[in-house]
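So the structure is just underneath, and the comments pick up after that.
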Protein chains: 2
Amino acid sequence: MTTAAPLPLRERKKAETWGALHESAASLALQHGVDETTVEAIAASAGVSPRTFFNYFHVKEDAILGLREPVLEPAQLSRISVTADDLVGQISRLLVTVAWTAIGGTDRARRRQLIARYPNLARRHMDYMVKAERLVSQGISGLLAQDPVWAAGAEGFGPEEAARMLVMIAGVPIRFNITSADFDPVEGISAETLGPSLTLLHDLLRKIS
Amino acid sequence: MTTAAPLPLRERKKAETWGALHESAASLALQHGVDETTVEAIAASAGVSPRTFFNYFHVKEDAILGLREPVLEPAQLSRISVTADDLVGQISRLLVTVAWTAIGGTDRARRRQLIARYPNLARRHMDYMVKAERLVSQGISGLLAQDPVWAAGAEGFGPEEAARMLVMIAGVPIRFNITSADFDPVEGISAETLGPSLTLLHDLLRKIS
DNA sequence: ATGCATCACTGCAAGTATGCATTTGCGCAA
DNA sequence: TTGCGCAAATGCATACTTGCAGTGATGCAT
């Protein structure tokens, strides 16, 4: 949370603009409502042109919540062991961290208020899950290809296919949590909340196979 | 395929307008390209106002492909047996039929050309899968609640939760197919193409559990 | 310090999409 | 057949979103 390295001026101004837009968007949305807050007003409040707004955020809702594009760090990927027996659990946890790097804003209380008042804002989480799954699929695919057990693959399926489906399976408990009525979009998904879903997944898999 | 009952004039005109819009959209998109075909042009060609276009289609792409909103018929749901041992397979097939009722247009060859030339059009299939999953989840939830074995549920999870996760699991092979490089968006998913994915799913589940 | 390449920002234009109020035309019953 | 209720269609206003071209500030090498 401390300003670690003195970023180059260009980077710093970019971060400032991002922050100003997010701050303006969240603040205005809380004061006047989401639908009443126009991109034009947000941009004006942040001191940039409306066109610039869309250079920072795809959609208005992302600015209000302070969402960034998911990114998969190589370091995160390297912590995966494809030979461990809880591979699905590992991938689930990785998916969570990737999808939740998306959250950039700092003011949790305000985000909570906003989502409580405008539940539609939370819908964007599913989009980020889709993006996270795509990123992680590619990463896991590379890992499996390097592993002798997985590289061979089964009948007609290679590591790419196995990775894609593994990640989809691992995504199920997360999607399950996201769509739960009592899902907390602000806190996201922790080991605590993911655990029961993974258990249910395994219970069902045993029951149906 | 025969014009069964002489629909009331109102219904018939509605169907005609739908057809005219779809026909215009597909035809114009094929001639001049998707991006070059504006909603205004489609509406003009169909003889309605641009505003009316959006009373029939959420997005331009749906009009071009002739996509309708997914619907779950009670009859389809009643064919599900929650006690059979291939419940996941049953749900997968149901999901396919629900998501693919979305396809309404008739000219398969033209749709094939369009999707081949503009692959982005096929992206909408995932959206329809999400809607189909939501519909089917509700339906399966009702079925499970009536079944003594499922109604009890596991630790802390009721039939609603079980249904939601079962449907997500059943959706995995379909999502897998949709995201495959050689997926054919026009033919959709048949028993032939779904089978191998279900097999891979079961193989992986065995390997990881 | 100078010059150059890059990147952020901007204005403009076009197109997509939605809400609201109004009009038009079908369906139905007196 | 006349009139009423309702659904479809429309016009209008507004907002979201993207592409493109141009401008200016930043970063960097000389």
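Labels below follow one simple rule: chain letters A, B, ... track the order of the sequence lines, proteins then strands, and each chain is numbered from 1.
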Is there any side chain to side chain donor-acceptor pair (under 3.5 Å) pair reaching into residues 114-127 of chain B, and which pairs are they, with sequence neighbours excluded? D62(B)-R124(B), N120(B)-R123(B)
Counterpart residues, ring-ring contact (aromatic ring centres under 6.0 Å, His included), relative to Y56(B) (two or more places apart): none
Are a donor atom and an acceptor atom from the side chains of R134(B) and T179(A) found within less than 3.5 Å of each other? no
Using a 4.5 Å cut-off on heavy atoms from C-beta on, say whether the side chain of L87(A) contacts that of I80(A). yes
Which residues pass the side chain to side chain donor-acceptor pair (under 3.5 Å) test with E61(B), not counting sequence neighbours? none
Close approaches to DNA chain C from residues 50-61 of chain B, in residue order (heavy atom, under 4.0 Å): R51(B), F54(B), H58(B), V59(B), K60(B)
ring-ring contact (aromatic ring centres under 6.0 Å, His included) partners for F54(B), two or more places apart: none
Please tabulate, for side-chain N and O atoms in residues 42-51 of chain B, each donor-acceptor pair with protein atoms closer than 3.5 Å (sequence neighbours left out).
unit_1: S45(B); atom_1: OG; unit_2: S24(B); atom_2: OG; d: 3.0
unit_1: S49(B); atom_1: OG; unit_2: R51(B); atom_2: N; d: 3.4
unit_1: S49(B); atom_1: OG; unit_2: T52(B); atom_2: N; d: 3.2
unit_1: S49(B); atom_1: OG; unit_2: T52(B); atom_2: OG1; d: 3.2
unit_1: R51(B); atom_1: NH1; unit_2: N55(B); atom_2: OD1; d: 3.2

Looking only at atom types and distance, does a side-chain atom of N177(A) sit under 3.5 Å from a main-chain N or O of T193(A), one as donor and one as acceptor? yes
F57(A) and L67(A), any side-chain heavy atoms less than 4.5 Å apart: no
dT18(C) P sits how many Å from N120(A) CG, rounded? 13 Å
I64(B) CD1 to dT16(C) C1', straight-line distance once rounded to whole Å: 12 Å
Presence of T17(A) side-chain N/O under 4.0 Å of dA8(C) phosphate oxygens OP1/OP2: no
Can you name the side-chain contact (heavy atoms from CB on, under 4.5 Å) partners of E16(B), sequence neighbours left out? R12(B)
Measure CG/D62(B) against P/dA17(C) and give the value in whole Å, please. 9 Å
Under 3.5 Å between N/O atoms: give me all the protein pairs with nucleotides 2-7 of chain D, atom names plus distance.
unit_1: dC6(D); atom_1: O2; unit_2: R10(B); atom_2: NH2; d: 3.1

Within residues 34-41 of chain A, find the residues that approach DNA chain C with a heavy atom at under 4.0 Å, and present them sorted by residue number. none
Applying side chain to side chain donor-acceptor pair (under 3.5 Å), can you list everything that pairs with E161(A), at least two apart in sequence or on another chain? none
Contact between I140(A) and L77(A) at the side-chain level, heavy atoms closer than 4.5 Å - yes or no? yes
All N/O contacts under 3.5 Å from nucleotides 28-30 of chain D to the protein, with atom names and distances to one decimal?
none

May I have all residue pairs that pass side chain to side chain donor-acceptor pair (under 3.5 Å) and include part of residues 31-43 of chain B, sequence neighbours excluded? S27(B)-Q31(B)
